[in-house]
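Working notes, beginning with the structure itself.
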Amino acid sequence: MKGRWAIMFWTTRVILRSPRLRLSPRAHLAIALGLLLLATSLGWSQDHDYFVLGIHPAGLLVIDTSRDEIVAQIPTKGRSPKEIIPSPDGKHVFLTTDGRAKIEVVNVPDRKVEEVIDLAQPGVKINIFGLAVSRKGDRLFAHIRPVKQLPDEYVALPPEIWSVDLNTHAKKKIMDAPDGVVSLFVPADPNRLIAWGRNVYFIDLAQRHVVETVPLQTGLLPDQSPMDTLPFFSQYEQSGIVSMPSFATNPFTHNLVLGLVNMDVDTGKLDFMELGPPIPLYSSVVSPDRKRAYLVMNQLVVVDLTQRKIAEVRDTEGTTYVVNLTRDGKKVYLPSSAGPFVNVYDAQSLKRIHSIELPGDPSSSQLRALPPGAVP
Amino acid sequence: MKHLKPLNKKARKIEAAAHQQADSGSRAESKPDVRALQQAPQLPLGCALIFDPGWETDSSGQMTGLCQPMESDLYGCYDECWWPAQLPDQLTSFLEWSDKCASASRDWRKLDLVPTDNQ
């Protein structure tokens with residue numbers, strides 16, 4: 001940061017003192033101001049880390065982590081944003097709202113909802129559990145659970161995975177989905193989609209079916225125990241690792257065991273580790289250097305990923321569903337599950353350093369970081 | 001045609017598990033089944049980790065192992081009907097219940113009334 005400012009300062013100096021330039025004092029001032037603005041915007045885009053967070057009853061907040069302040073509050077059309085997926089350029093954010101029934105496309109710099117995507121067929125209500133955007137930013141994937149609403153009966157239809165072309169707005173059903181899917185992830189291979197639920201499913205988008213399954217709950221051998229994960233609150237953009245606490249009963253001792261499942265989003269490679277006796281935990285996030293994981297519920301638990309064991313456990317001020325980190329890995333953000341605030345912790349000392357007051361409860365909204373360079 | 005015979009306990013278990021899976025698979029194909037998603041193994045977490053709104057039970061088929069209203073936050077229950085709390089649900093029936101209440105702890109008086117059938 002300091003280096004960039006120094007370069008900008010000396011560049012300005014050289015330009016203004018150039019003997020070839022015979023500029024008026026006003027032109028000098030204009031050039032200096034222009035370069036200063038350029039430096040400022042570069043500084044913002046490079047160094048500032050912005051989070052987006054949904055709040056009750058209908059809003060999306062943009063939080064500047066360098067100041068720990070809200071810099072924008074964007075009204076949403078529907079209620080209570082849940083899943084939040086930034087586009088690769090950070091200009092748009094895709095949200096599920098209205099009880100996960102709709103997808104809203106928010107233009108962050110313009111501070112407005114550009115489009116509302118409804119995947120429901122007439123007479124059918126849907127809930128979206130799983131939203132992902134392609135790495136090019138041209139396709140949106142959604143896992144839906146449709147329910148046919150008859151006059152006197154609700155009929156649960158098979159869950160489906162759909163894609164929406166963000167250029168043409170064409171919606172297309174890709175396939176019937178395995179039961180129990182909650183999250184979708186886009187790996188580096190553009191022909192693959194990862195669905196996480198009872199098991200982890202690798203989907204071939206051209207063939208439109210599951211080509212590989214990593215069993216967590218079903219299809220296990222008798223000496224394997226079903227593993228529970230809660231794939232709702234996956235914040236992985238700072239490390240490229242999706243991380244989730246896992247719980248399984250040891251089939252021999254019958255003791256419940258806490259573990260951690262980490263998946264490299266690029267490759268889909270899974271890493272399972274056992275951590276010991278259970279601690280109630282909702283979600284986990286991996287630090288950008290991939291050396292530590294931060295797990296939350298009523299405590300903040302730090303796992304040393306190099307030694308594969310719990311390093312520290314601290315009580316927090318309340319219950320937290322989601323957790324995320326700044327890009328430099330120095331601050332940890334815990335939105336309250338039941339109050340209008342986000343608590344900020346120092347990632348090393350685990351001491352609370354800030355509390356950001358919010359205009360509404362974030363509840364179980366995801367907290368996502370905008371990509372580097374995004375200027376909201 | 002069967003070429004392999006289980007010789008030890010583990011092999012017999014594998015064979016039984018394979019039969020069980022085949023049976024459940026054919027049942028599922030023949031008739032769709034709606035049932036509460038039972039949480040197994042027993043978790044100390046409260047909420048069922050296999051998510052299916054409104055249909056969770058704990059490992060004993062009861063609801064006592066799940067989060068109870070007094071230990072859950074208001075919107076955690078309302079948003080997605082995770083727990084058997086005595087709250088309206090936002091997924092299906094009472095979408096507008098909290099429209100005037102940005103924060104449950106600050107503005108709870110603004111929560112709407114929920115009419116029942118006999119009102």
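Being a predicted model, the structure only gives us computed values, none of them experimental. All chains are named by letter (A, B, ...) in the order of the sequence lines, taking the proteins before the strands, and each is independently numbered beginning at 1.
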> How long is the gap from SG on B/C101 to CG on A/D361, to the nearest 0.5 Å?
Replying inline: 7.0 Å
> Does atom CG of A/L150 have more than 12 heavy-atom neighbours from other groups under 6.0 Å away?
Replying inline: yes
> Hey, is the main chain of B/D99 close enough, under 3.5 Å, to the side chain of A/R79 for a donor-acceptor pair?
Replying inline: no
> Rounded to the nearest 0.5 Å, how far apart are CZ of A/F341 and OG of B/S103?
Replying inline: 9.0 Å
>> Quick check: closest heavy atoms across B/S98 and A/P57, and the distance to 0.1 Å?
In response: O-CB, 3.8 Å
> Can you tell me how far OH of B/Y75 sits from OG of A/S364, rounded to the nearest 0.5 angstrom?
Replying inline: 12.0 Å
>> Rounded at 0.5 Å granularity, tell me how far CG in A/D223 sits from NZ in B/K9.
In response: 12.5 Å
> Relative to chain B, which of A/G197, A/A58, A/P340, A/G360 shows the most heavy atom pairs under 4.5 Å?
Replying inline: A/P340
> What residues, two or more places apart in sequence or in another chain, satisfy ring pair (Phe, Tyr, Trp, His ring centres under 6.0 Å) together with A/F185?
Replying inline: A/Y236
> Is B/R106 reaching over with its side chain to a backbone N or O of A/P359, donor-acceptor style, under 3.5 angstrom?
Replying inline: yes
>> Is it the case that over 12 heavy atoms from other parts of the model lie below 6.0 angstrom from the CD atom of A/E274?
In response: no
